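A short worksheet on the structure shown next.
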Amino acid sequence: MQRLIFSVTIILFIWGGLNGYFDETPTCTSVSEYESEVSKICPDDVHLLARLVNSEAAGESFTGQLYVANVVVNRALWKGQTIKEVIYAKKQFSGVKTKRFNEEPHPNHIIAAKKALRGEGPLPLNVLFFCNPETSTNKKFVEFCKKNLHISLGGHIFAVHN
(Lines give C-alpha, C1' and ligand atoms only; values in the text may rest on other atoms or scores of the structure.)
Protein backbone atom coordinates (compact mmCIF):
# COMPACT_ATOMS: atom_id res chain seq x y z
CA MET A 1 0.00 0.00 0.00
CA GLN A 2 2.84 2.39 0.87
CA ARG A 3 4.46 1.63 -2.45
CA LEU A 4 1.23 2.53 -4.29
CA ILE A 5 0.84 5.81 -2.38
CA PHE A 6 4.49 6.67 -3.06
CA SER A 7 4.09 5.90 -6.77
CA VAL A 8 0.93 7.98 -7.08
CA THR A 9 2.61 10.87 -5.22
CA ILE A 10 5.59 10.80 -7.60
CA ILE A 11 3.31 10.70 -10.66
CA LEU A 12 1.23 13.63 -9.37
CA PHE A 13 4.37 15.62 -8.55
CA ILE A 14 5.81 15.08 -12.02
CA TRP A 15 2.46 15.84 -13.69
CA GLY A 16 2.06 19.03 -11.61
CA GLY A 17 5.58 20.17 -12.46
CA LEU A 18 5.03 19.60 -16.16
CA ASN A 19 1.78 21.56 -16.03
CA GLY A 20 3.28 24.54 -14.20
CA TYR A 21 1.65 24.05 -10.80
CA PHE A 22 4.91 24.38 -8.91
CA ASP A 23 6.31 27.50 -10.55
CA GLU A 24 7.55 29.57 -7.62
CA THR A 25 7.89 32.92 -9.33
CA PRO A 26 5.54 33.55 -12.20
CA THR A 27 7.10 36.07 -14.53
CA CYS A 28 4.08 36.76 -16.71
CA THR A 29 3.61 40.48 -17.19
CA SER A 30 1.47 40.73 -20.29
CA VAL A 31 -0.53 38.54 -22.60
CA SER A 32 1.86 39.34 -25.45
CA GLU A 33 4.27 36.93 -23.77
CA TYR A 34 1.78 34.17 -24.55
CA GLU A 35 1.96 34.97 -28.24
CA SER A 36 5.72 34.44 -28.33
CA GLU A 37 5.87 31.55 -25.87
CA VAL A 38 2.52 29.78 -25.85
CA SER A 39 3.64 27.02 -23.49
CA LYS A 40 4.45 29.52 -20.74
CA ILE A 41 1.32 30.15 -18.73
CA CYS A 42 1.33 32.10 -15.52
CA PRO A 43 -0.44 30.08 -12.77
CA ASP A 44 -1.76 33.29 -11.19
CA ASP A 45 -3.40 34.27 -14.49
CA VAL A 46 -4.96 30.82 -14.87
CA HIS A 47 -6.50 30.94 -11.40
CA LEU A 48 -7.72 34.52 -11.72
CA LEU A 49 -9.25 33.89 -15.14
CA ALA A 50 -10.86 30.67 -13.88
CA ARG A 51 -12.40 32.62 -10.98
CA LEU A 52 -13.85 35.13 -13.44
CA VAL A 53 -15.27 32.30 -15.56
CA ASN A 54 -16.79 30.87 -12.37
CA SER A 55 -18.46 34.19 -11.54
CA GLU A 56 -19.62 35.04 -15.08
CA ALA A 57 -20.44 31.70 -16.69
CA ALA A 58 -20.69 28.90 -14.12
CA GLY A 59 -24.09 27.78 -15.43
CA GLU A 60 -23.05 27.82 -19.08
CA SER A 61 -21.72 24.96 -21.20
CA PHE A 62 -17.98 24.41 -21.35
CA THR A 63 -17.92 26.18 -24.72
CA GLY A 64 -19.71 29.18 -23.17
CA GLN A 65 -17.15 29.23 -20.37
CA LEU A 66 -14.32 29.08 -22.89
CA TYR A 67 -15.88 31.97 -24.84
CA VAL A 68 -15.94 34.12 -21.67
CA ALA A 69 -12.26 33.32 -21.04
CA ASN A 70 -11.51 34.12 -24.71
CA VAL A 71 -13.06 37.57 -24.38
CA VAL A 72 -10.75 38.38 -21.44
CA VAL A 73 -7.65 37.20 -23.32
CA ASN A 74 -8.76 39.07 -26.47
CA ARG A 75 -9.13 42.27 -24.46
CA ALA A 76 -5.71 41.84 -22.89
CA LEU A 77 -4.16 41.41 -26.34
CA TRP A 78 -6.14 44.33 -27.77
CA LYS A 79 -5.27 46.71 -24.93
CA GLY A 80 -1.75 45.43 -24.27
CA GLN A 81 -2.67 44.74 -20.65
CA THR A 82 -2.26 41.88 -18.22
CA ILE A 83 -5.07 39.47 -17.46
CA LYS A 84 -5.29 41.00 -13.98
CA GLU A 85 -5.60 44.54 -15.36
CA VAL A 86 -8.39 43.49 -17.72
CA ILE A 87 -10.35 41.60 -15.07
CA TYR A 88 -10.12 44.34 -12.45
CA ALA A 89 -10.76 47.27 -14.82
CA LYS A 90 -13.57 49.48 -13.52
CA LYS A 91 -17.09 48.71 -14.66
CA GLN A 92 -16.07 45.80 -16.89
CA PHE A 93 -17.01 42.49 -15.29
CA SER A 94 -19.83 42.51 -12.76
CA GLY A 95 -18.87 39.00 -11.64
CA VAL A 96 -15.80 40.40 -9.89
CA LYS A 97 -18.09 41.94 -7.27
CA THR A 98 -19.91 38.69 -6.51
CA LYS A 99 -19.33 36.11 -3.80
CA ARG A 100 -18.80 33.49 -6.49
CA PHE A 101 -15.67 35.31 -7.77
CA ASN A 102 -13.92 34.56 -4.47
CA GLU A 103 -14.83 30.87 -4.49
CA GLU A 104 -12.48 28.17 -5.70
CA PRO A 105 -13.22 27.59 -9.41
CA HIS A 106 -14.43 24.26 -10.79
CA PRO A 107 -11.78 22.22 -12.67
CA ASN A 108 -13.63 22.94 -15.95
CA HIS A 109 -13.16 26.66 -15.34
CA ILE A 110 -9.44 26.10 -14.92
CA ILE A 111 -9.33 24.09 -18.15
CA ALA A 112 -11.23 26.86 -19.99
CA ALA A 113 -8.80 29.46 -18.64
CA LYS A 114 -5.76 27.44 -19.69
CA LYS A 115 -7.14 26.83 -23.18
CA ALA A 116 -7.92 30.52 -23.67
CA LEU A 117 -4.47 31.55 -22.43
CA ARG A 118 -2.90 29.09 -24.87
CA GLY A 119 -4.84 30.68 -27.70
CA GLU A 120 -7.02 27.61 -28.18
CA GLY A 121 -10.31 29.49 -28.06
CA PRO A 122 -12.68 29.54 -30.99
CA LEU A 123 -13.48 33.26 -30.93
CA PRO A 124 -11.76 35.72 -33.29
CA LEU A 125 -9.55 38.36 -31.67
CA ASN A 126 -12.06 41.14 -32.33
CA VAL A 127 -14.70 39.57 -30.05
CA LEU A 128 -14.19 41.76 -27.00
CA PHE A 129 -17.57 41.87 -25.28
CA PHE A 130 -20.21 39.62 -23.81
CA CYS A 131 -23.38 40.12 -21.85
CA ASN A 132 -26.35 38.22 -20.55
CA PRO A 133 -29.45 40.13 -21.73
CA GLU A 134 -31.60 38.45 -19.07
CA THR A 135 -29.51 39.58 -16.10
CA SER A 136 -27.73 42.72 -17.30
CA THR A 137 -28.81 46.00 -15.77
CA ASN A 138 -27.08 48.03 -18.49
CA LYS A 139 -29.63 48.06 -21.30
CA LYS A 140 -27.45 50.28 -23.54
CA PHE A 141 -24.67 47.71 -23.35
CA VAL A 142 -27.10 44.91 -24.15
CA GLU A 143 -28.25 46.84 -27.25
CA PHE A 144 -24.61 47.40 -28.23
CA CYS A 145 -23.93 43.66 -27.94
CA LYS A 146 -27.01 42.80 -29.99
CA LYS A 147 -26.03 45.31 -32.68
CA ASN A 148 -22.46 43.95 -32.86
CA LEU A 149 -23.37 40.28 -32.41
CA HIS A 150 -20.77 37.69 -33.35
CA ILE A 151 -22.51 34.71 -31.76
CA SER A 152 -25.11 33.93 -29.14
CA LEU A 153 -24.52 30.91 -26.91
CA GLY A 154 -26.46 29.83 -23.87
CA GLY A 155 -27.41 32.94 -21.94
CA HIS A 156 -24.67 35.11 -23.39
CA ILE A 157 -24.27 37.33 -26.42
CA PHE A 158 -20.69 37.73 -27.69
CA ALA A 159 -19.98 40.90 -29.62
CA VAL A 160 -17.22 42.28 -31.82
CA HIS A 161 -15.39 45.57 -31.58
CA ASN A 162 -15.88 47.76 -34.65
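Just so you know, these numbers use all the heavy atoms, side chains as well, and skip hydrogens, waters and symmetry mates. Fair warning: this is a prediction, and the values are worked out from it, not measured in the lab. Sequence positions, counted from 1, serve as the residue numbers for this chain.
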| note | Residue pairs passing the side-chain hydrogen bond (donor to acceptor under 3.5 Å, both in side chains) test with at least one member in residues 130-145, sequence neighbours excluded, are none
| To the nearest 0.5 Å, how far apart are OG in S55 and NZ in K99? | 14.0 Å
| query | When rounded to the nearest 0.5 angstrom, what is the spacing between CZ in F101 and OG in S94? | reply | 11.5 Å
| Which residues pass the side-chain hydrogen bond (donor to acceptor under 3.5 Å, both in side chains) test with E120, sequence neighbours left out? | K115
| Side chain proximity check, I157 to P133, heavy atoms < 4.5 angstrom | yes
| With E104 via side chain to side chain contact (heavy atoms under 4.5 Å, CB included) - residues at least two apart | H47
| request: Please examine the side chains of S152 and F158, heavy atoms only from C-beta on, and report whether any two atoms are closer than 4.5 Å. | output: no
| query | How long is the gap from CG on L49 to CD1 on I83, to the nearest 0.5 Å? | reply | 6.0 Å
| Quick one: CG on L123 to CD1 on I151, what's the gap to the nearest 0.5 Å? | 7.5 Å
| message | Restricting to ring-ring contact (aromatic ring centres under 6.0 Å, His included), what partner residues turn up for F144, sequence neighbours left out? | response | F129
| Minimum heavy-atom separation for A116 to A69, with atom names? | CB-CB, 3.5 Å
| query | Quick check: does any side chain N or O of E56 sit under 3.5 Å from a backbone N or O of V68, one acting as donor and the other as acceptor? | reply | no
| task | Tell me whether the centres of the aromatic rings in H156 and F130 are closer together than 6.0 Å. | result | yes
| field | side-chain hydrogen bond (donor to acceptor under 3.5 Å, both in side chains) against N148, all qualifying residues, sequence neighbours excluded | value | N162
| query | If you round to the nearest 0.5 Å, how far is CD of Q81 from CD1 of I87? | reply | 11.0 Å
| field | Same cluster (ILVMFWY, side-chain, under 4.5 Å), V86 and L66 | value | no
| Residues in ring-ring contact (aromatic ring centres under 6.0 Å, His included) with H106, at least two apart? | H109
Please table the atom pairs, donor to acceptor, closer than 3.5 Å between any side-chain atom in residues 70-78 and protein atoms at least two apart or in another chain.
| from | atom 1 | to | atom 2 | distance (Å) |
| --- | --- | --- | --- | --- |
| N74 | ND2 | P124 | O | 2.9 |
| N74 | ND2 | V127 | O | 2.9 |
| R75 | NE | L128 | O | 2.6 |
| R75 | NH1 | Q92 | OE1 | 2.7 |
| R75 | NH2 | L128 | O | 3.1 |

| Apart from V142 itself, residues in the same hydrophobic cluster as defined by side-chain heavy atoms under 4.5 Å | none
| Applying the 4.5 Å side-chain criterion to the ILVMFWY set and letting contacts propagate, would L153 and I111 be lumped into a single cluster? | no
| note | side chain to side chain contact (heavy atoms under 4.5 Å, CB included) filter on K84, not counting sequence neighbours, yields L48, T82, Y88
